[in-house]
Amino acid sequence: MIAIRRTLLLAVALGAALSGAAQAGTVSLKANPVDDDGRVTLGEIFDGAGSASGVVVAQRVGPSVVLQAGELQAQARQAGLVWDNPTGLRRIAVRQGSATMSAATPNAPAVAARAALASSGGPVIARNDMVRVTYQIGGVNLSVMGKALRNAALGEPVAVLNTSSNRIIDAVASGPGQAVAGPGAETARANPQQFAAR
């Protein structure tokens, strides 16, 4: 009798474990995960997140946030989702959506304050400011947003962290919240006032 009772209890426990695994939803990573409000959720990262779509897994304070794949996989598992990471990704970048692109640009009072500092020789870029770095060559202008790693006055070098790729760009401050990389950087360094007036 005791052996039958144990067998039944074991069968019930095994059935519960298997049904729990069957309920866990298998999800796939979205091709281009984005979020609009700074609260990164499983539904913004994965297709098929279902009822776990609203689970917040990170906060985005800049134009993007980079998540470690292993940690994300554990968070998904806690929410009842299965992501097997078939391509073996190590990091996942979640970028801000188009609804909040204007938030990445400095606001008008901050720009005016930095412009006043520029005329007095003070810094136009402060450490941790979001800075638009422009690379100019020929008639082509490419720009990217990044985070300044130091203060810089007009014409001074400034290292900027590209928050999408985690690479550091060597640039020159060209105005409030603005920097130049590449061939234009030397012009900005040699003639900062003229370059800022463009």
Side-chain angles (χ1 to χ4, degrees), residues 1-108 110 126-135 141-149 159-169 177:
M1 184 74 169
I2 294 174
I4 294 173
R5 188 179 282 166
R6 283 185 184 162
T7 303
L8 285 174
L9 287 174
L10 183 60
V12 169
L14 184 59
L18 290 175
S19 70
Q23 288 175 349
T26 301
V27 294
S28 59
L29 187 66
K30 290 188 175 187
N32 185 24
V34 297
D35 92 285
D36 289 327
D37 62 1
R39 295 168 12 109
V40 180
T41 64
L42 290 174
E44 292 167 329
I45 299 172
F46 296 114
D47 286 323
S51 61
S53 290
V55 175
V56 177
V57 294
Q59 297 290 325
R60 180 186 50 76
V61 294
S64 66
V65 63
V66 178
L67 307 173
Q68 297 300 318
E71 292 173 16
L72 181 60
Q73 199 169 28
Q75 290 172 315
R77 193 176 314 115
Q78 286 176 348
L81 302 178
V82 175
W83 175 52
D84 57 6
N85 191 4
T87 57
L89 295 174
R90 292 176 52 195
R91 293 182 197 91
I92 293 92
V94 180
R95 292 173 177 78
Q96 71 185 33
S98 58
T100 55
M101 286 304 248
S102 60
T105 59
N107 62 31
R127 185 173 189 260
N128 293 326
D129 273 359
M130 291 308 294
V131 176
R132 180 174 305 280
V133 179
T134 304
Y135 182 90
N141 290 339
L142 302 172
S143 66
V144 66
M145 292 299 291
K147 184 167 73 170
L149 299 179
V160 178
L161 176 67
N162 179 336
T163 51
S164 298
S165 68
N166 283 332
R167 293 204 169 138
I168 295 176
I169 303 166

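- Side-chain atoms of Asn162 never come within 3.5 Å of backbone atoms of Asn166 as a donor-acceptor pair (strictly under, hydrogens ignored).
- Considering CG of Leu161 and CE of Met145, their distance stands at 12.5 Å, rounded to 0.5 Å.
- Using a 4.0 Å cut-off between a side-chain N of Lys or Arg and a carboxylate O of Asp or Glu, Asp129 and Lys147 do not qualify as a salt bridge.
- Between the Gln59 side chain and the Val40 main chain, no donor and acceptor come within less than 3.5 Å of each other.
- Checking side-chain atoms of Glu44 against main-chain N and O of Thr41 turns up a donor-acceptor pair under 3.5 Å.
- Here CD of Gln75 is found 11.0 Å from CZ of Arg77. Values are rounded to the nearest 0.5 Å.
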In sequence, state the C-alpha distance, the side-chain angles, and the governing distance for Thr87 and Leu29, and then conclude on side-chain contact (heavy atoms from CB on, under 4.5 Å). CA-CA 10 Å; Thr87 57; Leu29 187 66; over 6 Å; no
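- Met130 places a side-chain heavy atom less than 4.5 Å from the side chain of Pro63.
- Here the OG1-CG distance, from Thr26 to Asp84, works out to 7.5 Å after rounding to the nearest 0.5 Å.
- At a threshold of 4.5 Å between non-hydrogen side-chain atoms, the residues Ile169 and Val144 count as touching.
- A donor and an acceptor atom, one from each side chain of Arg60 and Gln96, are located under 3.5 Å apart.
- For the side chain to side chain contact (heavy atoms under 4.5 Å, CB included) with Trp83, the qualifying choice from Val27, Ile45, Leu42 is Val27, the only one to do so.
- Residues Ala69 and Leu89 share a closest heavy-atom pair of CB-O, 3.1 Å.
- Between Ala126 and Ala148, the shortest heavy-atom distance links the atoms O-CB, 3.6 Å.
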Could you walk me through whether Leu149 and Ile168 pass the side-chain contact (heavy atoms from CB on, under 4.5 Å) check? CA-CA 9 Å; Leu149 299 179; Ile168 295 176; 3.9 Å; yes
Under the criterion side-chain contact (heavy atoms from CB on, under 4.5 Å), I'd like the reasoning laid out for Leu67 against Arg91: C-alpha separation, chi angles, the key distance, then a yes or no. CA-CA 5 Å; Leu67 307 173; Arg91 293 182 197 91; over 6 Å; no
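- With contacts defined as side-chain heavy-atom distances shorter than 4.5 Å, the pair Ile92/Leu72 qualifies.
- Closest heavy-atom contact between Ala49 and Ser53: CB-OG, 3.5 Å.
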